[in-house]
Engineer: 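Structure incoming, see below.
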Amino acid sequence: MNIVSLENVSKNYGFNPLFENVTLGLEDNDKIGIIGANGSGKSTLLKIIAGVEVPDTGRVITAKGKTLAFLSQNPPYDDTLTVLETIFASSSGVMQTIRDYEAVCHDVAAGAHDNATMKKMADLQHELDTSGGWDIEANARAVLTKLDISDTTAKMGTLSGGQRKRVALAHELIFKPDILILDEPTNHLDADTIEWLESYLARYTGALLLVTHDRYFLDRVTDRIFEVDRGTVQGFAGNYAYYLEKKAEQDELRAVEGHKREQLIKKELAWLRRGAKARTRKSKHRIEAAHTLMALPKEQAKAEVDIAIGSKRLGSKVVEINNISKSYGDTKLIDRFTYLLKRDDRIGIIGANGSGKTTLLDMITGRIQPDAGEIEIGQTVHVGYYDQESRELNDEQRVIDYVRDVAEFITTNEGVQISAGKMLERFLFPPAVQYAVIGNLSGGERRRLYLLRILMGSPNVLLLDEPTNDLDIPTLIALESYLDEFAGAIIIVSHDRYFLDRTIDSVFRFEPGGHVREFAGDYTAYLEAIERERSEVRTESDSDRARTTSTTKPAESDKPKKLSFKELREFEAIEARIATTEARLPEIEREMATAVADAGRVNELFTEQQQLNNQLEKDMERWAELAERHEG
């Protein structure tokens, strides 16, 4: 059953119609990915379905009683609200109860144990019991944890763009609407969070409609593809891999049909040119059919980005990073990092948001200085730095002037000189768009223009900071092909697993404390290496437990082995946990005495007491085993 239907929907912006007479439907369990070139209308289509924009013609029908949520690329927000208020903003009584419950839990965690606060917590717990809100609350806690949203008291106005996007995403996921619409949900998320979101959405029970450049994500989450191309929306009943297969078949069939048509036209032209005398003996119908055939417009080839820009020659000395460190306040981002960048390096940098990845690129380019150590740049090095913010874009400047600021003519990788205007056409900016101001471009078009300007400088060292954000899949494919042939070093900061697999041959992972760890191979090889390490740790843990529980007694002449480093850490942790438990148990007794009139609270405290007593018994037994060897 269709829960959303589009009937003859059209939308026109500026120079050309985005799409015309689109008719399609979404069923209640569809997971649909929308793909297409930047500026083709993907985001506009989402907004029309979500009711944020109105089509020029046609209508959108949503089934009665169905809820819908829309996450845009730049979600609106009220900077005076807290994160908690924003996440649980809803007319739903259950959502308001959860918001109040989370707020009082925060107060208790901060030390508020007065009777009024504890009674409020008990009342809210009762409301969640009667409303069935515990499942939603558990889902909310999981979502907040996975999206790394910890400070729910912060004001929205104090957050970065990436943090606000995660808060908006959390709101939509916790709300769990019947129709969930997401525009580039993976932007500003690290690889681990993207993998979690991938699994979460794959299990989502409602209808899902999304735009994303992440091809692994698209392939694993969706079961239908809508392609927005040259004013039409075409559906494919399968995931991204299925779409690629069917699209290739379509292109091949069109090529064959186009060739047949060309041959037929040639044949008819030859017949018509035989002269008036010959044609008089032929049917009038055939003559009309021949003219009709030749009058039909030829199908235009799909425009594709053509990245064919040369690079300058690179000498033997590229970039030498010598024992650099960088901290902000008490947070150490990079600690004594040394690396000699080589001419053919293809490095992917990964790590949590805020771990120092962009900071390293900024230090290489001289935008900021290390606290210690130094970075030396070779004499022949020409760095092209594609940063996350596209800082060099001026909204008031015309597109053509922005490119001409770099060069009036550009040398391609084939040694041919072409004008700035022609190069813009290769990057899918037709002449009419070239004289528009940059502020009128879509987000993807702005990023594509920024990429062109960076490459026009003919760099031989490329630093790409989240290059896949806002670039469409066709542009990413063209960029990957360009990087395959790039004659220089490349450092890429990205959370796009597919892009990393296509472009790099080593991974640098930024870890807590400023440590940078290197892995050989692409991103998939990195994941395999991490899994091997985890497997070895699990095997070691299993062996330790087997030795601990063994009933075989050692010979009397055997001395007990000293604690290993791992066991020593375990011994210290158990000692600390025992001390904490022994301090908490008397507190529980006192709290139970004061809460005697609150049956719900007493029950909670009793359950906690039982759990702590059981854990204490286990900890004491294990501590005794380790203590004997530690003292010996």
Engineer: Using distance alone, with no hydrogens and no angle criterion, decide if N239 and T222 have a side-chain donor and acceptor under 3.5 Å apart.
Structural biologist: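 There is no such pair between these side chains.
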Engineer: Backbone N or O of E27 within a donor-acceptor pair of the D30 side chain at under 3.5 Å?
Structural biologist: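 Yes.
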Engineer: Please determine, by modelled atom types, if T524 and D501 share a side-chain donor-acceptor pair under 3.5 angstrom.
Structural biologist: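 Distance-only check passes for T524 and D501.
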Engineer: A cation-pi test, strictly: NZ or CZ of R497 under 6.0 Å from the centre of the six-membered ring of F217 and no more than 45 degrees from its axis. Yes or no?
Structural biologist: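 Checked: cation-pi criterion not met.
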Engineer: Please report the closest heavy-atom contact between N29 and D223, naming both atoms and the distance.
Structural biologist: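 Heavy atoms only, the tightest pair is O-OD2, 4.1 Å.
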Engineer: Just by modelled atom types, is the Y402 backbone N or O under 3.5 Å from a matching donor or acceptor in the R453 side chain?
Structural biologist: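 Pair found, side chain donor or acceptor close to backbone of Y402.
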Engineer: Ignoring hydrogens and geometry, is there a side-chain-to-backbone donor-acceptor pair from E396 to V437 under 3.5 Å?
Structural biologist: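 No, E396 side chain to V437 backbone: no donor-acceptor pair under 3.5 Å.
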Engineer: One thing to verify: whether D395 and R446 come together as a salt bridge, which I'm taking to mean a side-chain N less than 4.0 angstrom from a carboxylate O.
Structural biologist: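 Salt bridge between R446 and D395, a charged N being under 4.0 Å from a carboxylate O: yes.
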Engineer: Side chains of E466 and N187: is there a donor and an acceptor less than 3.5 Å apart?
Structural biologist: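 Note: E466 and N187 side chains miss the donor-acceptor criterion.
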Engineer: Does the side chain of Q388 reach to within under 4.5 Å of the side chain of T358, using non-hydrogen atoms?
Structural biologist: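 Yes - at least one pair of side-chain heavy atoms lies under 4.5 Å apart.
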Engineer: Verify side chain to side chain contact (heavy atoms under 4.5 Å, CB included) between F429 and R448, making sure each step is shown before the conclusion.
Structural biologist: CA-CA 10 Å; F429 293 101; R448 192 184 335 125; 3.8 Å; yes
Engineer: Could you tell me whether E249 atom CD has more than 12 heavy atoms of other residues or ligands within 6.0 Å of it?
Structural biologist: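 Yes - once you tally the heavy atoms of other residues, nucleotides and ligands closer than 6.0 Å, there are more than 12.
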Engineer: Checking the side chain of R398 only, and the main-chain atoms of Y435 only, is there a donor and an acceptor separated by less than 3.5 Å?
Structural biologist: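 Flag not set: sc R398 to bb Y435 has no pair under 3.5 Å.
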Engineer: Does a side-chain heavy-atom distance below 4.5 Å link I504 with I347?
Structural biologist: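 No, too far: nothing below the 4.5 Å cut-off.
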Engineer: Do D183 and S43 pair up side chain to side chain, a donor and an acceptor below 3.5 Å, judged on atom types alone?
Structural biologist: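 Yes, side-chain donor-acceptor contact under 3.5 Å.
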Engineer: Going by atom types alone, do R220 and Y240 pair a side-chain donor with an acceptor below 3.5 Å?
Structural biologist: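 Not at all, the side chains of R220 and Y240 share no donor-acceptor pair under 3.5 Å.
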Engineer: Between E227 and K247, does at least one N-O distance fall below 4.0 Å, as a salt bridge requires?
Structural biologist: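 Yes, E227 and K247 are salt-bridged.
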Engineer: Do M156 and Q163 come close enough that some side-chain heavy atom pair is under 4.5 Å?
Structural biologist: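 Heavy-atom side-chain distance check fails, nothing below 4.5 Å.
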Engineer: Are there more than 12 heavy atoms of other residues, nucleotides or ligands under 6.0 Å from atom NZ of K31?
Structural biologist: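 Atom NZ in K31 is crowded, with more than 12 foreign heavy atoms closer than 6.0 Å.
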Engineer: On a heavy-atom basis, which atom in N469 and which in R447 lie closest, and how many Å separate them?
Structural biologist: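 The pair with the smallest heavy-atom distance is O-NE, 3.4 Å.
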Engineer: Please name the pair of heavy atoms, one in N2 and one in A63, separated by the smallest distance, quoted to 0.1 Å.
Structural biologist: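 Closest pair (atom of N2, atom of A63, distance): O-CB, 4.4 Å.
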Engineer: Rounded to the nearest 0.5 Å, how far apart are CD of E184 and NZ of K165?
Structural biologist: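 If I round to the nearest 0.5 Å, the distance is 7.0 Å.
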Engineer: Answer whether the closest heavy-atom distance between the side chains of T503 and R346 falls below 4.5 Å.
Structural biologist: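 A side-chain contact under 4.5 Å is absent here.
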Engineer: Verify salt bridge (charged side-chain N to carboxylate O under 4.0 Å, His left out) between R215 and E480, making sure each step is shown before the conclusion.
Structural biologist: CA-CA 13 Å; R215 283 155 285 178; E480 289 161 0; 2.4 Å; yes
Engineer: Ignoring hydrogens and geometry beyond distance, is a side-chain donor-acceptor pair present between T475 and D472 at under 3.5 Å?
Structural biologist: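 Judged by distance alone, the side chains do pair up.
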Engineer: List the atom of A237, the atom of Y242, and the distance in Å for their closest heavy-atom pair.
Structural biologist: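 Closest approach of A237 to Y242: O-CE2, 3.5 Å.
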Engineer: Check whether any side-chain heavy atom of I179 sits under 4.5 Å from a side-chain heavy atom of I49, and report yes or no.
Structural biologist: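 Sidechains of I49 and I179: no contact.
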Engineer: Between K146 (side chain) and L197 (backbone), is there a donor-acceptor pair under 3.5 Å?
Structural biologist: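 No.
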Engineer: Looking at T212 and L218, would you say the former's side chain and the latter's main chain have a donor-acceptor pair under 3.5 Å?
Structural biologist: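 Between the backbone of L218 and the side chain of T212 there is no qualifying donor-acceptor contact (under 3.5 Å).
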Engineer: Before giving the answer on side-chain hydrogen bond (donor to acceptor under 3.5 Å, both in side chains), spell out for N139 and Y200 the whole-Å C-alpha distance, their side-chain angles and the decisive distance to 0.1 Å.
Structural biologist: CA-CA 11 Å; N139 178 58; Y200 185 95; 3.2 Å; yes
Engineer: Testing the basics here: between L479 and P467, what is the closest heavy-atom pair and its distance to 0.1 Å?
Structural biologist: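 Reported closest heavy-atom pair: CD2-CB, 4.4 Å.
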Engineer: Donor-acceptor pair, D56 side chain versus N12 backbone, under 3.5 Å?
Structural biologist: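 Answer holds: yes.
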Engineer: Could you tell me whether the side chain of E195 reaches within less than 4.5 Å of the side chain of L527, counting heavy atoms only?
Structural biologist: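 The answer is yes, as the side chains (C-beta and beyond) meet within the 4.5 Å cut-off.
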Engineer: Where the side chain of S481 meets the backbone of A478, is there a donor-acceptor pair that is under 3.5 Å apart?
Structural biologist: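 Not at all, since once roles are kept as given, no pair shorter than 3.5 Å links the two residues.
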Engineer: Side-chain contact test, heavy atoms from C-beta onward, threshold under 4.5 Å: evaluate it for L26 versus L24 and give yes or no.
Structural biologist: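 A side-chain contact under 4.5 Å exists here.
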Engineer: For residues I410 and Q417, determine if any side-chain heavy atom of one lies less than 4.5 Å from a side-chain heavy atom of the other.
Structural biologist: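 With C-beta onward as the side chain, the pair stays apart.
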Engineer: If every non-hydrogen atom of V221 is compared with every non-hydrogen atom of L210, which pair is closest and at what distance?
Structural biologist: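 Here V221 and L210 meet closest at CG1-CD2, 4.2 Å.
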Engineer: If we count only N and O atoms by modelled type, under 3.5 Å, do the side chains of Y450 and D387 hold a donor and an acceptor together?
Structural biologist: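 Yes, side-chain donor-acceptor contact under 3.5 Å.
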Engineer: Can a donor-acceptor pair be found, under 3.5 Å and without considering hydrogens, that links the side chain of S10 to the backbone of N21?
Structural biologist: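 Side chain of S10 to backbone of N21, a donor-acceptor pair under 3.5 Å: yes, one is there.
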Engineer: Output yes when a side-chain donor or acceptor of H213 lies under 3.5 Å from a complementary backbone atom of T468, and no otherwise.
Structural biologist: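 Yes; judged by distance alone, with no hydrogens or angles, the pair exists.
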Engineer: Examine R224 relative to F236 and say whether NZ or CZ is less than 6.0 Å from the centre of the six-membered ring and inside a 45° cone about the ring axis.
Structural biologist: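 Relative to the ring axis of F236, which defines the angle, R224 lies outside at least one limit.
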